Number of protein chains: 2
Amino acid sequence: MSANSRLTIAAHALAWIGLYQRQGHEVATSEQIASSANTNPVVIRRLLGELRAAGLVESRRGVGAGWTLTRDLKKMTLLDVYDAIEPGPLFALHRASPDEGCVIGHGIQPALQDVYAGIECTVRTELSKTTLEDVLQAVLAVPR
Amino acid sequence: MSANSRLTIAAHALAWIGLYQRQGHEVATSEQIASSANTNPVVIRRLLGELRAAGLVESRRGVGAGWTLTRDLKKMTLLDVYDAIEPGPLFALHRASPDEGCVIGHGIQPALQDVYAGIECTVRTELSKTTLEDVLQAVLAVPR
DNA sequence: TCAGTCGTAACAAAGATGGTTACTTCAAAC
DNA sequence: GTTTGAAGTAACCATCTTTGTTACGACTGA
């Protein structure tokens, strides 16, 4: 597995809902999205549930239920999605606290924390540059 | 666990060896490093083994055995370490291939691949800006 | 009342990471 | 040649994350 594909699936789902709505449909079902992404509807519902908590999508229940976007894809960036579904940092510090009696053990965590913070900052900046509309247009631009 | 701490432990080990050598010692043992990082010597040997494969450190066996740097910490960046120990990409594509019959399913992977490649590129650039000497100096600068 | 879809719990499978033990191999020192 | 200390490495386990799957309750429009 190595890396995780949650950002990929979330972007897939949002682009799918956006295109579907643009074609005149009101709501998209987790079943439809799962079929396109080749995964299980529950996986989609779980992921969209997190996006809903972040205010990116809404869901309706009952007959004719499904998912809708809360705002245009132009106003949604990959950073919004990332923040909604990725809780932890890119790099972790020590699992167990290093030896405070050792010079290295004492200073290594603050030292690395600064470096890691800088990297996370640039990643976030990069993610914020791409909107889901950019993603959708790039998808549509791929030749068949 | 969430994220992984391999880069952290590797940087810790390299800084430790570097400082130890600077203090006049020839070789550092996995036992000593593990004690400072509060982990198991085998974990250190495994990690240093990968760094050795990348040419960053050397090991000697027999009595008085241990680990040495192959070059100065100034000429070693976090990117060198990252490349030595992190095989996979930051973000993964779909685990199972999406539906090629669907417009989104067909174009989503090339579209996201471009975005992800750009992000990896900036992360690598950031990592290459910090040398292990920078890390060691930052460690030594932390007040007791 | 019915039917369709979300909401969610529960569980399993798989992979990554890290910890531990145990044994082999090596090379310097004696 | 024997001893000794440390690397090399296999094996196993525990934990965590992610993903897939089944099952069933909750909701709501027709």
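Nothing here was measured: the structure is a model prediction, and the numbers come from that model. Every chain is numbered from 1 and lettered A, B, ... according to where its sequence line falls, protein lines coming before strand lines.
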Original post:
To the nearest 0.5 Å, what is the distance between CD1 (B:I9) and CG (A:L93)?
Top reply: 9.0 Å

Original post:
Side-chain N or O of B:N4 less than 4.0 angstrom from OP1 or OP2 on C:dT17?
Top reply: yes

**OP:** Classify the side-chain pair A:T77/A:Y82 by whether it contains a donor and acceptor separated by less than 3.5 Å.
**Re:** no

Original post:
Does OP1 or OP2 of C:dA28 have a side-chain N or O of B:R61 closer than 4.0 Å?
Top reply: no

Original post:
Taking atom P of C:dA14 as reference, at what distance in whole Å does atom CZ of B:R95 sit?
Top reply: 10 Å

Original post:
Taking atom P of C:dC6 as reference, at what distance in whole Å does atom CG of A:L51 sit?
Top reply: 14 Å

Original post:
In terms of ring plane angle, is the pair B:Y20 and B:H25 parallel, tilted or perpendicular, where the classes change at 30° and 60°?
Top reply: parallel

Original post:
A:H12 NE2 to D:dT19 C1': how many Å, rounded?
Top reply: 16 Å

Original post:
Want to settle it: does A:P41 or A:V63 sit nearer the 5' end of DNA chain C, counting the closest nucleotide to each?
Top reply: A:V63

Original post:
Listed in order of residue number, which residues of residues 15-36 of chain B have a non-hydrogen atom at under 4.0 Å from DNA chain C?
Top reply: none

Original post:
Base, sugar-phosphate alone, or nothing: which one does A:R60 contact when heavy atoms must sit under 4.0 Å apart?
Top reply: sugar-phosphate

Original post:
Does OP1 or OP2 of C:dG18 have a side-chain N or O of B:T39 closer than 4.0 Å?
Top reply: no

**OP:** State which residue, out of A:V135, A:L132, A:D134, A:T131, fulfils the side-chain contact (heavy atoms from CB on, under 4.5 Å) condition with A:L73.
**Re:** A:L132

Original post:
Starting at the 5' end of DNA chain D, which residue's closest nucleotide do you reach first, A:G64 or B:A96?
Top reply: B:A96

Subject >> Whole-Å distance separating the CG atom of B:L47 from the P atom of D:dT9 >> reply: 15 Å

**OP:** Please determine if a side-chain N or O atom of A:S5 lies less than 4.0 Å away from the OP1 or OP2 oxygen of D:dT19.
**Re:** yes

**OP:** Find the distance A:L93:CG to C:dG18:C1' and express it as a whole number of Å.
**Re:** 16 Å

**OP:** Specify the residue among A:N38 and B:G66 whose closest nucleotide of DNA chain D lies further upstream toward the 5′ end.
**Re:** B:G66

Original post:
Distance only, no hydrogens: is a donor on one side chain within 3.5 Å (strictly under) of an acceptor on the other, for B:Q113 and B:Q109?
Top reply: no

**OP:** Provide, to the nearest angstrom, the distance between the CG atom belonging to B:L48 and the P atom belonging to D:dA6.
**Re:** 15 Å

Original post:
Given atom NE2 of A:H94 and atom C1' of C:dT17, what is their separation to the nearest angstrom?
Top reply: 15 Å

Original post:
Which part of the nucleic acid, if any, lies within contact of A:R6, taking any heavy atom under 4.0 Å across all strands shown: a base, the sugar-phosphate backbone alone, or nothing?
Top reply: sugar-phosphate

Original post:
CZ of A:R46 versus P of D:dT19: gap in Å, rounded?
Top reply: 9 Å

Original post:
How is A:G49 classified with respect to the nucleic acid when contacts are heavy atoms under 4.0 Å: base, sugar-phosphate, or nothing?
Top reply: nothing

Original post:
Just by distance, with hydrogens left out, do B:T68 and B:R60 show a side-chain donor and acceptor under 3.5 Å apart?
Top reply: no

Original post:
Given C:dC6, is OP1 or OP2 found less than 4.0 Å from the side-chain N or O atoms of A:R45?
Top reply: yes

Original post:
Is A:R124 paired with A:E86 through a side-chain N to carboxylate O contact shorter than 4.0 Å?
Top reply: no

**OP:** Compute whether any side-chain donor of one residue and acceptor of the other, for B:S5 and A:R95, lie under 3.5 angstrom apart.
**Re:** no

